[in-house]
Amino acid sequence: MTWRRVLAMARKESIQLRRDPRSLALAFLLPLALIIMFGYAITFDVRNIELGILDEDHSSASRQLIQAFEASGYFRVVDVFERTSQIDASLERGTIRLAITIPPTFQADLSTGRRAQVGVILDGSDANTATIAQTYVDAIVDRFAIARLSGRRDPSVTVTTEARVWYNETLESRNTIVPGLVAVIMSIIAAMLTALTIAREWERGTMEQLAATPVREAEVIIGKLIPYVVIGMLDVAMAAAAGVLVFGVPLHGSLLLLTVLTLLFLIGSLGLGMFISAALKSQVLATQAAILVTYLPALLLSGFIFSIDSMPIVLRGITYAIPARYYVTVTKGVFLKGVGMEVLWPNALAMLIFATVGLGLAFRAFRKEIA
């Protein structure tokens, strides 16, 4: 293998890319568009939850509790009820997500030291929002109770906690979503880009010309891979810059380490796409196969959205074969925790194995012979 022929193949592939505006749009515009669109669209923060209030006490204490809900920023009071039957109608129409009922003895119970109960009626048709809303309600009510009892010596309030959050102090979901998005998007884009390369040669009838040249199979694969590695690194740089500048995601770790580990991940993903392209020899089939083997696994089994620890043991075993699992850990570790190779080396080793396997499959599948 000579690098002169490899660079000649890289130059040929670069010229083909410049003449294909669709591939250029896929390479540069789609990753940036996806990171911005998903960064704004995907969020685990629940705010402005529609709230209905049934205040049967009409006291200063009940008004203070209602004000606490309004001031929290998590709830938006859209209905004030006079009867319990009105709550059912609003929940059925979907105009509210939950209702708070304050009994007529609320202030009297607080004044005499008895347990004052607040009723909460939740719309369970959206279980995720209902669970989060219940957590918010408990926190607001607890804070209200502690504020009311702060001037009294009450034996029931003897222990308080002070929580500190590391790595994502504001608990903004974007800080965890955007680094994971970089991994998911690049696993899809990288495989799709190279899934078209060999198949394009077959469909355009240029494989005969390529077969007549003295270039070896390995030189073809590596030469075609080089432009896409450069494009992939530029895409990751743009996505990371968008995460930091547009979404305010902190970058605490080493940019050099992120670059090196990104290179390993891209080589494996691009090699996988090259293998699919060489095996199927059809751009349509190769694109569909690339989406199938990258998009769903990267989205569902990488730990990006769902915790791997909570998955069934069979699925947890499958995740070890998903390259995005390791790159998601790398991006979150570098961006949020600022960790180094002493922590990320198992993930780096897994991506090195993945890169070797991806290139090996591409070398094995590609043949210059014309059937």
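Nothing fancy with the numbering, it's 1 onward along the sequence.
Scanning all heavy atoms of the two residues, the minimum distance from P297 to I322 falls at CB-CD1, 3.6 Å. Taking each heavy atom of A298 and S187 in turn, the nearest pair found is CB-OG, 3.4 Å. Residue I226 comes nearest to A10 through the heavy atom pair CB-CB, 4.1 Å, listed as atom of the first residue, atom of the second, then distance. When all heavy atoms of A348 and M341 are compared, the pair lying nearest together is CB-SD, 4.0 Å. Residues L54 and F81 share a closest heavy-atom pair of CD1-O, 3.3 Å. Here the closest non-hydrogen pair linking E56 and P103 is OE1-CA, 4.0 Å.
Proximity of a side-chain donor or acceptor of T331 to a complementary backbone N or O of V328 within less than 3.5 Å is detected. Side-chain atoms of S277 never come within 3.5 Å of backbone atoms of G273 as a donor-acceptor pair (strictly under, hydrogens ignored). Between the side chain of S90 and the backbone N or O of I87 there is no donor-acceptor pair closer than 3.5 Å. Between the S59 side chain and the S62 main chain, a donor and an acceptor come within less than 3.5 Å of each other. Without hydrogens or angle criteria, S269 side chain to L266 main chain gives no donor-acceptor distance under 3.5 Å. Here the side chain of Q107 pairs a donor or acceptor atom with the backbone of S60 at under 3.5 angstrom.
Proximity of I100 to V120: side-chain heavy atoms (C-beta onward) are separated by under 4.5 Å at one or more points. Within the 4.5 Å cutoff, side-chain heavy atoms of L301 are placed close to those of M311. L225 is listed as a side-chain neighbour of L359, based on a closest heavy-atom distance under 4.5 Å. Contact annotation: the side chain of R216 never approaches that of T2 to less than 4.5 Å [non-hydrogen atoms, C-beta and beyond]. In this structure, V334 and L344 have side chains that are in contact, with non-hydrogen atoms separated by less than 4.5 Å. In this structure, V137 and Y74 have side chains that are not in contact, with every pair of non-hydrogen atoms separated by 4.5 Å or more. Using a 4.5 Å heavy-atom threshold, the side chains of T84 and T101 count as separate. The closest side-chain heavy-atom distance from I96 to D123 is not below 4.5 Å.
Between E219 and the choices R5, K224, K12, the salt bridge (charged side-chain N to carboxylate O under 4.0 Å, His left out) rule is met once, by R5.
Rounding to the nearest 0.5 angstrom, the gap separating the CZ atom in R325 from the CD1 atom in I308 is 4.0 Å. Of the inter-residue distances, the one linking T287 atom OG1 with L292 atom CG reads 12.5 Å to the nearest 0.5 angstrom. In this structure, the separation between CG on L272 and CG on L361 is 7.5 Å, given to the nearest 0.5 Å. Note that CG of L270 and OG1 of T194 are 5.0 Å apart. Values are rounded to the nearest 0.5 Å. To the nearest 0.5 Å, atom CD of residue Q288 and atom CG of residue L280 are 10.0 Å apart. The distance from the CG atom of L264 to the OG1 atom of T259 is 11.5 Å, given to the nearest 0.5 Å.
Within the structure, the ring-ring contact (aromatic ring centres under 6.0 Å, His included) test picks out no pair touching residues 270-291 (sequence neighbours left out). Applying the salt bridge (Lys or Arg N to Asp or Glu O under 4.0 Å) test to residues at least two apart or on different chains, the pairs with a partner in residues 63-76 are E50-R76. Legend: ring-ring contact (aromatic ring centres under 6.0 Å, His included) pairs involving residues 91-124, not counting sequence neighbours: none detected. For residues 308-342, the pairs satisfying ring-ring contact (aromatic ring centres under 6.0 Å, His included) are F265-Y327, with sequence neighbours left out.
Under the 4.5 Å side-chain heavy-atom criterion for ILVMFWY residues, no single connected hydrophobic cluster contains both L263 and L256. Using a 4.5 Å cut-off between side-chain heavy atoms of Ile, Leu, Val, Met, Phe, Trp and Tyr, with links allowed through other members, M238 and V229 fall into the same hydrophobic cluster. Note on F354: it does not cluster hydrophobically with Y228, by side-chain heavy-atom contacts below 4.5 Å among ILVMFWY residues. Under the 4.5 Å side-chain contact rule for hydrophobic residues, L251 and I185 share a cluster. Linking ILVMFWY residues whenever their side-chain heavy atoms come closer than 4.5 Å, directly or via other members, leaves I15 and I221 in distinct clusters.
Scored by the side-chain hydrogen bond (donor to acceptor under 3.5 Å, both in side chains) test, S14 finds no partners at all (sequence neighbours excluded). A290 pairs by the side chain to side chain contact (heavy atoms under 4.5 Å, CB included) definition with A191, M192, A195, I276, not counting sequence neighbours. Residues forming a side-chain hydrogen bond (donor to acceptor under 3.5 Å, both in side chains) with Q67 (at least two apart in sequence, or on another chain): none. Residues meeting the side-chain hydrogen bond (donor to acceptor under 3.5 Å, both in side chains) test with D88, sequence neighbours left out: none. In terms of the side chain to side chain contact (heavy atoms under 4.5 Å, CB included) criterion, residue partners of S282 (sequence neighbours excluded) are, by chain and number, E203, V284, L285. Applying the side-chain hydrogen bond (donor to acceptor under 3.5 Å, both in side chains) criterion to S85, with sequence neighbours excluded, gives no partner residue. Remark: A355 engages I267 in a side chain to side chain contact (heavy atoms under 4.5 Å, CB included) (not counting sequence neighbours). In this structure, the side chain to side chain contact (heavy atoms under 4.5 Å, CB included) partners of V343, at least two apart in sequence or on a different chain, are V339.
More than 12 heavy atoms of other residues, nucleotides or ligands sit less than 6.0 Å from atom CD of Q64. The 12-atom threshold is not exceeded at CZ of R11, counting heavy atoms of other residues, nucleotides or ligands nearer than 6.0 Å. For I313, the CD1 atom counts as loosely surrounded, since its 6.0 Å shell holds 12 or fewer non-hydrogen atoms of other residues, nucleotides or ligands.
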Test side chain to side chain contact (heavy atoms under 4.5 Å, CB included) applied to V118 and L65, step by step: CA-CA 10 Å; V118 176; L65 179 60; 3.8 Å; yes
Please lay out, stage by stage, how L110 and F144 fare under the test side chain to side chain contact (heavy atoms under 4.5 Å, CB included). CA-CA 11 Å; L110 288 175; F144 171 80; 4.1 Å; yes
Verdict with supporting geometry, I231 and L234, side chain to side chain contact (heavy atoms under 4.5 Å, CB included): CA-CA 5 Å; I231 290 173; L234 291 175; 5.6 Å; no
For side chain to side chain contact (heavy atoms under 4.5 Å, CB included), just list the numbers for V182 and V236, CA-CA rounded to whole Å, side-chain angles, deciding distance to a tenth of an Å, and then say yes or no. CA-CA 7 Å; V182 174; V236 173; 4.3 Å; yes
